[in-house]
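All remarks here apply to the structure that follows.
In the text below, chain A, chain B and the rest are named by the order of the sequence lines, each starting its count at 1. As the structure is a prediction and not an experimental result, all values here were calculated from the model.
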Amino acid sequence: MFARVYEIVAQVPYGHVVTYGQIARAIGLERGARVVGWAMRYCPEGLPWHRVVNAQGGISLNNAPETVPLQRALLESEGIHFDRTGHLDLSQYRWEGI
DNA sequence: GGGCTGACTGACG
DNA sequence: ACGTCAGCCAGCC
């Protein structure tokens, strides 16, 4: 199942992001966002995991808070702007190619 | 098959 | 904007 998740994440273009719910919907799990998060724990090498954010346009990584600054830095290096509350504008960066 | 877990989500106060 | 609560679903004992 996670193979599908990785496949979707790998398709996200530079400078764009997708939400967990979006990925879940793409693989047929309308309300299986948690499953996506669970699959992401394995973080295969070469996967643009930093382009996956929660429905609020923020960074979730509850189990690895140390990687949050890293993810944010990676996204900013791709031209994605964060507001003062640490969220990005999904209406502007969300990838609709699923 | 039963129960627990979680990088989630949407609704409420 | 922030903390809490209850659904949700695949995997792993």
Rounded to the Å, how far apart are [X] [atom1] and [N] [atom2]?
{"X": "A:Phe2", "N": "C:dA10", "atom1": "CZ", "atom2": "C1'", "result": "9 Å"}
{"X": "A:Asn54", "N": "B:dT9", "atom1": "CG", "atom2": "P", "result": "5 Å"}
{"X": "A:Glu30", "N": "C:dG7", "atom1": "CD", "atom2": "P", "result": "18 Å"}
{"X": "A:Gln56", "N": "C:dT4", "atom1": "CD", "atom2": "C1'", "result": "14 Å"}
{"X": "A:Ile23", "N": "B:dC8", "atom1": "CD1", "atom2": "P", "result": "11 Å"}
{"X": "A:Phe82", "N": "C:dA1", "atom1": "CZ", "atom2": "C1'", "result": "17 Å"}
{"X": "A:Arg34", "N": "B:dT5", "atom1": "CZ", "atom2": "C1'", "result": "8 Å"}
{"X": "A:Arg4", "N": "C:dG11", "atom1": "CZ", "atom2": "C1'", "result": "17 Å"}

May I ask you to decide if [Y]'s main-chain N or O and [X]'s side chain share a donor-acceptor pair within less than 3.5 Å?
{"X": "A:Glu78", "Y": "A:Tyr14", "result": "no"}
{"X": "A:Glu76", "Y": "A:Gln71", "result": "no"}
{"X": "A:Arg51", "Y": "A:Val12", "result": "yes"}
{"X": "A:Gln56", "Y": "A:Leu88", "result": "no"}
{"X": "A:Tyr93", "Y": "A:Val18", "result": "no"}
{"X": "A:Gln22", "Y": "A:Thr19", "result": "yes"}

**Request:** Please work out if A:Met40 contacts a base, only the sugar-phosphate, or nothing of the nucleic acid, heavy-atom cut-off 4.0 Å.
**Result:** base

Looking at [options], which one has an atom nearest to any side-chain atom of [X]?
{"X": "A:Tyr20", "options": "C:dC8, B:dA7, C:dA10", "answer": "B:dA7"}
{"X": "A:Trp38", "options": "B:dA7, C:dC12, B:dG10", "answer": "C:dC12"}
{"X": "A:Met1", "options": "B:dT9, C:dC9, C:dG11", "answer": "C:dG11"}
{"X": "A:Thr19", "options": "C:dC8, C:dA10, B:dT9", "answer": "B:dT9"}
{"X": "A:Thr85", "options": "C:dA1, B:dA7, B:dG10", "answer": "C:dA1"}

**Request:** Can you tell me which stems DNA chain B forms, taking runs of 3 or more consecutive Watson-Crick or G-U pairs with both distances under 3.5 Å?
**Result:** B:2-6 with C:9-13, B:8-13 with C:2-7

**Request:** Please measure how far the P atom in C:dC8 lies from the corresponding atom in B:dC12, and state the result in whole Å.
**Result:** 16 Å

**Message:** Taking the cut-offs as 6.0 angstrom to the six-membered ring centre and 45 degrees off its axis, would you call A:Arg72 and A:Phe82 a cation-pi pair?
**Reply:** yes

**Asked** Quick one: on DNA chain C, does A:Tyr42 or A:Gly32 contact a more 5' nucleotide (nearest heavy atom)?
**Response** A:Gly32

**Prompt:** For the residue pair A:Phe2 and A:Tyr6, does the interplanar ring angle fall in the parallel (under 30°), tilted (30 to 60°) or perpendicular (over 60°) class?
**Reply:** tilted

**Prompt:** Any side-chain N or O of A:Arg41 less than 4.0 Å from the OP1 or OP2 oxygen of B:dA7?
**Reply:** yes

**Message:** Go nucleotide by nucleotide along DNA chain B from the 5' end; which of A:Val53 and A:Val35 gets its closest nucleotide reached first?
**Reply:** A:Val35

**Request:** May I ask you to verify whether the side chain of A:Arg31 and the base of B:dG10 hold a donor-acceptor pair under 3.5 Å?
**Result:** no

